[in-house]
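Below is one structure, written out as C-alpha cells, with a few remarks after it.
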Amino acid sequence: MSENILEVNNLKKYFPITKGKEKGLSVKAVDDISFSIKRGETLALVGESGSGKSTTAYNVIGMYSATAGQIIFKDEPISNNIKERPLRLRKEIQMVFQDPGTTLNPRRIVKDILSLPLKIHKLVDKKDPVGQIVRLLEEVELPMEYLFKTPLALGGGERQMLAVARALSTNPDLIVLDEPTSALDVSIQAKIINMLLRLQKDYDLSYLFITLDLSLVRNFATRVAIMYLGKIAEIAPTEIFFSDPEHPYTKMLLSAIPVISEKEEEVKHAKVTPKGEIPSPVNVPKGCSFNTRCPLAFDRCFVEDPVMKEVASDHQVRCHLVEERRQS
Amino acid sequence: MDENIVTIKDLHIGYRTFGGHVKVLNGVNLYVKPGEKVSIVGETGCGKTTTVKAILRILARQAVVTGGEIIFKGEQVLKMNKSQLQHLRGTGVSMIFQDPTSSLNPVFTIGQQMSAVIRYSGHAGATKSKIQEELAIKALQETAMPDPERILQSYPFQLSGGMRQRVSIAMALSTPREMVIADEPTTNLDVTIQDQVLRILKQRVEEKNTSLILITHSLGVARETTDRIYVMYAGNMVETAPTTELFREQYHPYTRALVDCIPRLSGGGVAEGIGGRIPNYLDPPPGCRFAPRCPKAFDRCWQEKPEYVNVGSSHQVACFLYDQSTGDE
C-alpha cells in the first residue's frame, strides 16, 4: 500500500458557458493540476478567490464530476462520474464548509444533524444511539445539553465545532476543510485549529485544508500548494515554503500579509509589491497565466506556459525563471 | 479650546429589540487628533461600527443614546440639527463602508454617484457639473485608477471588488475632509488587493493630512496602517496605546490573549484561544464585561466597572489589575 491516501493526477474541471457573449467558451476553474496527500498529513491549498481551490475540493469529495484527470483514493481510482462513486467511499471523505450558518440545517436539532450521516451509512449503535452522539459531541468539546438545541442557538465557533463533529461521525480518513475559520474571530479560530490538530493525532486523519491565510498555514499545514487561475504555481513542505519560496507569486502573497511583529517581517524577506488583480478564468492570458501581474515577467512568459519542475525533493515550481536559473 | 478633531466621552448606546433593551456601548471614550491615524480593533459584535456610526449620526432607528457626548471640533454632534448635520457629513467626516457592493448604488454610474457627493460638499462651485467631473477624475487618478473617464461611465457591477473599494476611497476624499472613517474596508478582499487598497488609503490620508479612524478585526492591518490603536471589547475601549508600544507590551488580559491568538508567519504553533463568548448585551455583567472570560478576575471585577488607568504616556488600560488603589502589580 502506498503512503499516499489521495492522489490527484492532471485534474481538469471546465464549466461551459451556455449564454451570452462568451457562449461556447468555458470557465477553466481547475486546469490540469496534480498533487498528493500522505496519510496523517495536512496539505494546505492556498490561493485568491477565483483561483479554483474550492472547485478542487468539490471534485475530491464528489460534488462535481471532473472534466478530465484521475483521482486515486487509497490506491483505488475513483471514477470521474460522481454518480458511480460508491457509498463506502463517500463515507471516508468528509467535508467541513466555510460558513456553518448556511451548511447546518437551522430547523433541525443537534441530535438529528449528527444522526443523519450515521443512518445513511448504517453506522448507528443500536444499543446506545444517544450515547454515540454524546461521545461525538465530547470529541469536539461541546456539552451534552446541546443535543436538543438548534444551530441558531449556538455561537459561530460552536456551530463550526458541530460541523466538525458531523464530518467525524462516519469515521473518515480524509477531511476536506474549506476555509473552516475564515468567518470566525481569531480567539475562536485558535480553539478550532487546536481541536483539529488534536483530532488529527487521535484518529490519524489527513486534511486537505483550503485557506487564504498564510499565517495560519505556517502553523497548521505539513505541505503547501499555491494555486493561481486554476493551476498550481508552487508546492513545497511548509518549512521550505516559508524559508525558500521560489515562485514570484508566492513572494508577492507573502509580502502582502499584514503581520504583528518584527520577527514576522523577516519572513517576508523579498518585498514584492502586489499589483493588479486576478484575471477572469474565461480569458486566461497567453503563456504563463501570471504574466499580467508578475514583476519579473520576460519574453518567454508571454509565449510559453511553464511546466512543473522539481527544484528540490518534494519542492515543485512552475516558472520559467526558476528553470533558467537552474540551467545557467 | 479642544485640540482634538473628535472626542467621545462616556458614550452609552443601546438598541430596542423584541427581547428588551440591549446595552451595547458601555461608556466609550475616544479621541482623535488632527492628522492622526487611529484604529479600533475588536471582535465581531463588540460595538466598533456602532461607535463610528454615532459620530455621523447614522445609527439604525432602534438605537438609543442613553448617555455621553460626542464633540466634533468643539461642537456637540448629538445636539446638532438637520442643517448642521448635513454640514458635518458634507465637509467634516466621510465614511468608507465594508462592502462596496451595497454602499454603491447599482443603478447609477460611478460618475453620477461621485457628482452627488461633491455637489453637497459645500466646495466652491461644486454645483457646476464641469467642476464635479474634474474633481471626480482627479480623485480617481489619485487612487491610482486606470482610465478614470471610463470608470465614471461604468456601473459598480462592471468593476472588480478592489476597484469598487478604491472608488469608495476616491469618493470619500474627493473634497477636503477633516476626518475619514473606514469601516473594515478590506475584509471582503484578497490579501494582495487588501495590501494595495490599504497602501492607497494610507497614502491619500497622509497627503491630505486628514484624520483617519480605521475599523478592523485584524491587528496586523492596524499595525501596518495606523499610529494608535484602540482595543475594544463588549462595548468598552479596554486599552489604547501608540502602535509600537501596544505590540511591545499589552497590559489588559484581553489584549494579551488577543495578540497571542494570532497565528504567526514565523511559526511557533497556535495559542489556546479565549474560552467563552462575548456577553449577552441584554443582561451584561455589572462590573468589568471581560470578567467572565478573564483568567485574572477577582472580586472587584465583578462589582465595579474599571476606569482608564495611565500606564505610560498615552498608554491607557481599563483594568483593576493596574489600579494603584488596589495595590496590585
Side-chain angles (χ1 to χ4, degrees), chain A residues 46-51 141 154-158 181-197 212-220 238-239 242-243 249 252-268 272-280 293, chain B residues 41-46 144 146 159-163 166 186-199 216-225 229 233 243-244 246-248 254 257-278 280 293:
Chain A
V46 184
E48 293 178 90
S49 46
S51 60
E141 297 156 30
L154 311 186
E158 289 168 331
T181 58
S182 66
L184 305 172
D185 285 317
V186 277
S187 62
I188 298 160
Q189 165 174 294
K191 279 204 126 27
I192 302 239
I193 292 298
N194 279 314
M195 189 182 81
L196 288 170
L197 284 171
L212 301 156
D213 185 349
L214 277 172
S215 328
L216 192 57
V217 167
R218 179 75 174 87
N219 296 290
F220 185 61
T238 309
E239 283 295 322
F242 285 93
S243 63
Y249 181 58
M252 181 190 275
L253 269 185
L254 277 172
S255 53
I257 303 171
V259 294
I260 60 162
S261 65
E262 290 299 320
K263 204 175 155 197
E264 286 173 277
E265 296 282 2
E266 286 166 22
V267 180
K268 310 179 355 180
V272 181
T273 309
K275 59 168 188 181
E277 294 184 27
I278 193 164
S280 141
R293 299 172 75 187
Chain B
V41 180
E43 295 181 283
T44 317
C46 70
L159 307 176
S160 67
M163 275 163 100
R166 278 191 279 175
T186 56
T187 306
N188 292 332
L189 306 175
D190 283 319
V191 274
T192 55
I193 317 293
Q194 162 170 296
D195 190 79
Q196 298 171 30
V197 169
L198 286 176
R199 234 169 337 112
T216 176
H217 59 255
S218 157
L219 276 165
V221 168
R223 174 174 174 271
E224 298 197 345
T225 321
I229 297 179
Y233 179 78
T243 307
T244 42
L246 188 80
F247 286 101
R248 200 170 51 232
Y254 175 67
L258 192 66
V259 170
D260 283 344
C261 281
I262 298 168
R264 305 298 158 94
L265 204 54
S266 47
V270 184
E272 264 195 20
I274 310 173
R277 51 167 135 157
I278 229 162
N280 181 354
R293 298 172 80 182

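In the text below, chain A, chain B and the rest are named by the order of the sequence lines, each starting its count at 1. The figures that follow rest on heavy atoms only: side chains count, while hydrogens, waters and symmetry mates do not.
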* Quick one: of B:Thr44, B:Leu219, B:Val191, who has the most non-hydrogen atom pairs under 4.5 Å with chain A? -> B:Thr44

* Asked: Where does B:Arg199 contact chain A at under 4.5 Å (heavy atoms): side chain, backbone, both or neither?
  -> side chain

* Asked: By a 4.5 Å heavy-atom criterion (distance strictly below it), what part of A:Glu158 contacts chain B: side chain, backbone, both, or neither?
  -> side chain

* Which one of A:Met195, A:Glu48, A:Lys191 has the most heavy-atom pairs closer than 4.5 Å to chain B? -> A:Glu48

* Which of A:Ser261, A:Gly50, A:Gly155 touches chain B most, by non-hydrogen pairs under 4.5 Å -> A:Ser261

* To do: For the pair A:Asp213 (side chain) and A:Ser215 (backbone), establish whether a donor and an acceptor sit closer than 3.5 Å, ignoring hydrogens and angles.
  => yes

* Structure fact -> Residues passing the side chain to side chain donor-acceptor pair (under 3.5 Å) test with B:Glu272, sequence neighbours excluded, are none

* Heavy-atom proximity to chain B below 4.5 Å, by part of A:Ile193 -> side chain

* Can you tell me if B:Arg166 uses its side chain to pair, donor with acceptor, with the backbone of B:Val197 under 3.5 Å? -> no

* Asked: Hey, is A:Glu264 close enough to A:Arg218 for a salt bridge, meaning N to O under 4.0 Å?
  -> no

* Can you say whether B:Glu43 sits under 4.5 Å from chain A via the side chain, the backbone, both, or neither, judging by heavy atoms? -> both

* Just by modelled atom types, is the A:Val272 backbone N or O under 3.5 Å from a matching donor or acceptor in the A:Ser255 side chain? -> yes

Using a 3.5 Å cut-off and no angle test, enumerate the donor-acceptor pairs between side-chain atoms of residues 259-271 of chain B and protein atoms at least two apart in sequence or in another chain.
from: B:Arg264; atom 1: NE; to: B:Ile262; atom 2: O; distance (Å): 3.2
from: B:Arg264; atom 1: NH2; to: B:Val259; atom 2: O; distance (Å): 2.7

* Between B:Leu189, B:Val221, B:Ile193, the one whose heavy-atom pairs under 4.5 Å with chain A are most numerous -> B:Ile193

